[in-house]
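One structure is given here, and the rest of the page talks about it.
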Amino acid sequence: LSHAPAEAERHGLAFVKAPGSPLNNRQLHFLTVRDGAHQQTFRARGGCCRYYTLPEGDFCTTCVMRGRADQEARLLAYLHSQFAHTNP
């Protein structure tokens with residue numbers, strides 16, 4: 001079913017963004033990246049986990065402190081690394 005991922009995303013957002021939900025956050029969203037024939041959807045956090053405050057820490061890939069373009073570039077690099085051996 002080609003619509004299944006979009007429907008799952010819609011249902012997931014409706015659940016976590018329900019009024020009164022402790023998970024409700026305006027910044028929570030999904031990012032879909034494509035690398036040739038491959039595509040994957042990732043959930044982007046709606047808040048900061050503060051991992052960057054640890055001595056060895058950094059901003060998470062989908063950290064709200066990163067710009068959208070930076071998030072997408074990092075996820076695309078990850079996706080590419082997962083399928084690099086299958087691409088000519």
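Remark: R50 CZ is loosely packed, at most 12 non-hydrogen atoms of other residues, nucleotides or ligands lying under 6.0 Å away.
Atom CG of L13 and atom CZ of R43 lie 10.5 Å apart (nearest 0.5 Å). For the atom pair SG of C63 and CD of Q71, the computed distance is 8.0 Å after rounding to the nearest 0.5 Å. With values rounded to the nearest 0.5 angstrom, R10 atom CZ is found 12.0 Å from F30 atom CZ. Atom CD of E72 sits about 13.5 Å away from atom CZ of R66, to the nearest 0.5 Å.
H29 places a side-chain N or O within donor-acceptor distance of the main-chain N or O of Q27, the cut-off being under 3.5 Å.
Residues in residues 45-71 take part in these ring-ring contact (aromatic ring centres under 6.0 Å, His included) pairs, two or more places apart or across chains: Y52-F59.
Screening L28, N25, N24 against V16 for a side chain to side chain contact (heavy atoms under 4.5 Å, CB included) leaves a single residue, L28.
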- Would you check, one step at a time, whether the test side-chain contact (heavy atoms from CB on, under 4.5 Å) holds for Q82 with Q40? CA-CA 11 Å; Q82 298 302 298; Q40 190 166 347; 5.6 Å; no

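Listed by chain and residue number, L31, A44, R45, L75 satisfy the side-chain contact (heavy atoms from CB on, under 4.5 Å) test with T62 (two or more places apart in sequence, or in another chain).
Across all non-hydrogen atoms, the minimal contact from L79 to V33 is CD2-O, 3.5 Å.
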